[in-house]
Amino acid sequence: MGERIVQINLNGRSVRLKAAPNETLLNVLRQKASATEVKSGCERGDCGACAVIVDGRAVNSCLTLAVQTDGATVTTVRGLGTPEHPHPLQEAFIRLGAAQCGICIPGVLVSLSAFLAERPDASRSEIREAVAGNLCRCTGYQKFVDAAEESRIMEGLE
Ligand code: FES
Ligand code: FES
């Protein structure tokens, strides 16, 4: 079957991309929109490295067909903040040294930011649960939760 045009708002910019009917959002973002900040891991929904926010909800882009996102707003880790104005979560991750090898971090930040936007008062265990689908082989998750809590304090101060 032929390719279709998919129009999305990607990190605040309207983009039109060609996608085959069975092509994943992960592939289209990385290969056709230069969004290589979206990481490719297992490509079967197990690791969360490919997570992006689609219309406010964190999804695994390897399990999402690009054509399903036509008209959607898609946010990657690059769209959470800017170098001048990082997202409070990004600032907290840097301050606490929450990243080690970094491969999981784009997905972790995306998942946490979508979760905290919906549940700003979540408990530590709920925050921990919110990143359970993001596999990290380095950190033990403690600093992710610490950073998420610190980011809420920072947000409150803004
Ligand atoms: Fe999508 Fe692993 S690459 S969940
Ligand atoms: Fe290395 Fe998470 S920081 S996998």
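Numbers for residues simply follow the sequence, beginning at 1. Ligands are counted one by one from 1 in listed order, and the atoms in each one are counted from 1 as well.
The nearest pair of heavy atoms linking Leu89 to Ser113 is CD1-N, 3.4 Å. Across all non-hydrogen atoms, the minimal contact from Lys18 to Val28 is O-CG2, 4.2 Å. Residues Ala66 and Val6 approach most closely at O-CG1, 3.6 Å, considering heavy atoms.
Rounding to the nearest 0.5 angstrom, the gap separating the CG atom in Asp70 from the CG atom in Leu65 is 12.5 Å.
Under the side chain to side chain contact (heavy atoms under 4.5 Å, CB included) test applied with Pro106, the options Val38, Thr36, Val77 reduce to a single match, Val77.
Annotation for ligand 1: atoms under 4.0 Å from non-hydrogen atoms of Asp46 are 4 (S). For ligand 1, the atoms closer than 4.0 angstrom to any heavy atom of Gly41 are 3 (S). Within the listing of ligand 2, atoms 1 (Fe), 3 (S), 4 (S) sit less than 4.0 angstrom from a heavy atom of Cys138. Residue-ligand proximity, Glu43 to ligand 1, at heavy-atom distances under 4.0 Å covers atoms 2 (Fe), 3 (S). Ligand-side atoms of ligand 1 in range of Gly45: 4 (S), range being under 4.0 angstrom from any heavy atom. Near Ile103, the atoms of ligand 2 lying under 4.0 angstrom from a non-hydrogen atom of the residue are 4 (S).
Among the backbone and side-chain atoms of Cys101, an N/O/S atom is found under 2.8 Å from atom 1 (Fe) of ligand 2. Distance check for Cys136 against atom 1 (Fe) of ligand 2: none of its N/O/S atoms falls below 2.8 Å. Distances from atom 2 (Fe) of ligand 1 show that Cys62 has no N/O/S atom below 2.8 Å.
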Exercise. Test side-chain contact (heavy atoms from CB on, under 4.5 Å) on Val52 and Val59 and set out the steps.
Key: CA-CA 6 Å; Val52 298; Val59 301; 4.1 Å; yes
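Taking atom 4 (S) of ligand 2 as the reference point, the nearest protein heavy-atom neighbour is Arg137 N, 3.4 Å.
The residue Leu63 has no part lying near ligand 1, judged by heavy-atom distances below 4.0 Å.
The nearest non-hydrogen atom to atom 1 (Fe) of ligand 1, considering only Cys42, Cys50, Cys47, Ala49, comes from Cys50.
Annotation for Arg124: atom CZ counts as buried by contact number, over 12 foreign heavy atoms lying within 6.0 Å.
Under the 3.5 Å distance criterion, with hydrogens and angles disregarded, no donor-acceptor pair is assigned to the side chains of Ser151 and Glu91.
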